[in-house]
Student: 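Attaching a single structure in structure tokens format; questions to follow.
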Amino acid sequence: MEVDLLIYGAAQVLTVASPHGPKRGPAMRDLGAIPGGAVAVHQGRVLDVGPSDRLCRQWEAAQTIDAQGGLILPGFVDPHTHLVWAGDRADEFEMRIAGASYQEIMAAGGGIMRTVHQTRAASLDELVSQTRGRLDRMLAHGTTTVEIKTGYGLDTREELKLLEAIRRLQAESPVTLVPTFLGAHAVPAEYHGRADEYVDLVVEEMLPAVVRDCQAQNQEGSLPFCDVFCEDGAFSVEQSRRILEAAQALGFRLKIHADEFKPLGGTRLAVELGATSADHLVHTPPDEIEQLARSETIAVALPGTPFGLGHRAYTPARAIIDAGGSLALATDCNPGTCWCETMQLMIALACRYMRMTPAEAISAATINAAYAVGLGHQVGSLEPGKRADLILLDVPSPAHLAYRFGTNLVRMVVVGGRVFEVQ
Ligand code: NIG
Ligand code: FE
């Protein structure tokens, strides 16, 4: 039998295999490395992974690629982004480095609401074209699956516009996009002082509208995730609970922004509701870390966010992993706290500021991130039958991926079996 593609001659192929669920605790250090490895791809899927000499003997291929001693690993999965927005907030960045805090800027009407105004003013076409460049940069940096949140519309029509923008981008991009409804990203200015009424709107109007919208698009069974920004100045734990319980009753799977600036109890809520992931977790207290580590909920750490804000506190990844938890990494790509498209920098930051090993960070950026967006059985590792999403890096070992930073180490990206040369 002739296969479509055979890539051979890697220094190592990291399979990051984890067939029975996300990697937890010490298992995150096992990358399933195959020295001198090769990957055979057929009809968009991984067919075989193993030593180059065996695969080259076993498979004839329509296309062969010599990896020339590079590193092959699964394409990165970025499980937390706010990629669809219009405009920028470079002026707020300048205010922050001059001493203003993110929350002061938000309380003064800037922050998320600034981007909401710019996003509402943009047409669907403008929004898609502004987002396209960011998505292309993600692919060039090795990301093959991206979760994208709404949350810059904050009324029913505008939130549906953002979901439509994600669908349009999916129609043109080889990257797998996973939508998340984040209607509760901020209390919009027109509801100032009436947060509970805005929560009513989310529960009574927006969530059902999203369900109808998905059904109209023939996407029954594949509702987006539902997320809430649980934070002082955004939504309280009780408001978050109302929204997430209503979403769960409609069939949404859940995510939450918890403990980014203050510990409110959002992580405990995520565990109680069986959320797929709890994200940020910079200030999560030890007892909630213990609960999280014992649960099925995946911790998503976003080290680009404290870095982008110039803060010193990072997610206590060491404590989460050492307690046996499952942790993923993401960029949080957004115009306020972290405009960064590359998972490579997240790995570099995680190893420095969160004391993760390179192997743990790679597991967190691939297989665990795939489980954090509900696609752990389809992407995130190089195992036969999985989608052929993989990257070839110009480095000899996993440690280089953390050790080096600030340049793109990806030479080639394969997405669903399609080859994209990067340099
Ligand atoms: O994850 N925390 C809320 N959302 C983003 C920031 C969004 C923005 O500032 O536009 C975050 O950090
Ligand atoms: Fe976020």
Side-chain angles (χ1 to χ4, degrees), residues 78-93 95-96 100-120 122 127 130-131 134 146-154 158 162 178-189 225-236 240 243 254-264 266-267 270 275-284 299-311 313-315 328-341 346 349 369 372-373:
D78 189 342
H80 180 140
T81 84
H82 305 252
L83 206 65
V84 181
W85 77 79
D88 68 73
R89 306 211 308 263
D91 53 348
E92 290 184 4
F93 170 69
M95 288 160 68
R96 277 208 321 273
S101 76
Y102 178 79
Q103 285 177 303
E104 281 162 9
I105 293 169
M106 182 159 91
I112 292 169
M113 206 56 214
R114 276 279 304 296
T115 300
V116 169
H117 290 307
Q118 298 178 83
T119 303
R120 287 176 177 174
L127 206 49
Q130 290 193 33
T131 306
R134 296 188 278 269
V146 182
E147 185 259 16
I148 305 181
K149 301 176 196 298
T150 67
Y152 293 119
L154 306 189
E158 291 295 323
L162 293 177
V178 180
T180 292
F181 169 70
L182 179 58
H185 193 195
V187 179
F225 282 89
C226 179
D227 193 347
V228 174
F229 186 16
C230 180
E231 189 67 50
D232 261 4
F235 298 91
S236 68
S240 302
I243 293 165
L254 308 180
K255 292 179 168 288
I256 189 166
H257 282 66
D259 311 324
E260 180 176 0
F261 300 109
K262 281 201 184 139
L264 297 190
T267 301
T276 303
S277 74
D279 303 34
H280 286 287
L281 313 178
V282 176
H283 299 285
T284 309
V300 177
L302 308 152
T305 302
F307 179 77
L309 290 168
H311 290 176
Y314 285 77
T315 305
L329 288 169
T331 61
D332 198 18
C333 187
N334 75 77
T337 60
C338 181
W339 185 335
C340 176
E341 289 93 344
M346 303 307 128
L349 292 172
V373 296

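When a residue number appears, it is its place in the shown sequence, counting from 1. Order of listing sets the numbers, starting from 1, for every ligand and every atom in it.
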Student: Asp332: heavy atom below 4.0 Å from ligand 1, yes or no?
Tutor: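 Checking ligand 1 against Asp332, which is what was asked, there is a heavy-atom contact under 4.0 Å.
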Student: Could you tell me the residue and atom name of the protein heavy atom closest to atom 2 (N) of ligand 1, and the distance to it rounded to 0.1 Å?
Tutor: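 Its nearest protein heavy-atom neighbour is Glu260 OE1, 2.7 Å.
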Student: Checking the N or O distance criterion of under 3.5 Å, is ligand 1 in contact with Tyr102?
Tutor: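 It does: an N or O of Tyr102 is found under 3.5 Å from an N or O of ligand 1.
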Student: Would you say the side chains of His257 and His185 form a donor-acceptor pair under 3.5 Å?
Tutor: no
Student: Which residues pass the salt bridge (Lys or Arg N to Asp or Glu O under 4.0 Å) test with Asp78, sequence neighbours left out?
Tutor: none
Student: Which of the atoms of ligand 1 are close to Arg89, meaning less than 4.0 Å from one of its heavy atoms?
Tutor: 8 (C), 9 (O), 10 (O)
Student: Which ligand 1 atoms does Asn334 reach within 4.0 Å, using its non-hydrogen atoms?
Tutor: 5 (C), 6 (C), 7 (C), 8 (C), 9 (O), 10 (O), 11 (C), 12 (O)
Student: How far is atom 7 (C) of ligand 1 from the closest protein heavy atom, and which atom is that?
Tutor: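 Ranking protein heavy atoms by distance from atom 7 (C) of ligand 1, first comes Tyr152 OH, 3.3 Å.
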Student: Can you sort out which atoms of ligand 1 are near Ile112, meaning under 4.0 Å from one of its heavy atoms?
Tutor: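 Reading through ligand 1 atom by atom, the close ones are 7 (C), 8 (C), 9 (O), 10 (O).
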Student: What protein N/O/S atoms sit under 2.8 Å from the Fe ion (ligand 2), by chain and number?
Tutor: His80 NE2, His82 NE2, His257 NE2, Asp332 OD1
Student: Heavy atom under 4.0 Å from ligand 1: found in His185's side chain, backbone, both, or neither?
Tutor: side chain
Student: Just to confirm my output: which protein heavy-atom neighbour is closest to atom 5 (C) of ligand 1, and how far is it?
Tutor: His82 NE2, 3.7 Å
Student: Output all residues satisfying side chain to side chain donor-acceptor pair (under 3.5 Å) with Thr337, sequence neighbours left out; order by chain, then residue number.
Tutor: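 So Thr337 forms a side chain to side chain donor-acceptor pair (under 3.5 Å) with Asn334.
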Student: Go through the structure and list residues passing salt bridge (Lys or Arg N to Asp or Glu O under 4.0 Å) with Glu92, not counting sequence neighbours.
Tutor: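 If we apply the salt bridge (Lys or Arg N to Asp or Glu O under 4.0 Å) test to Glu92, skipping adjacent residues, the hits are Arg89, Arg114.
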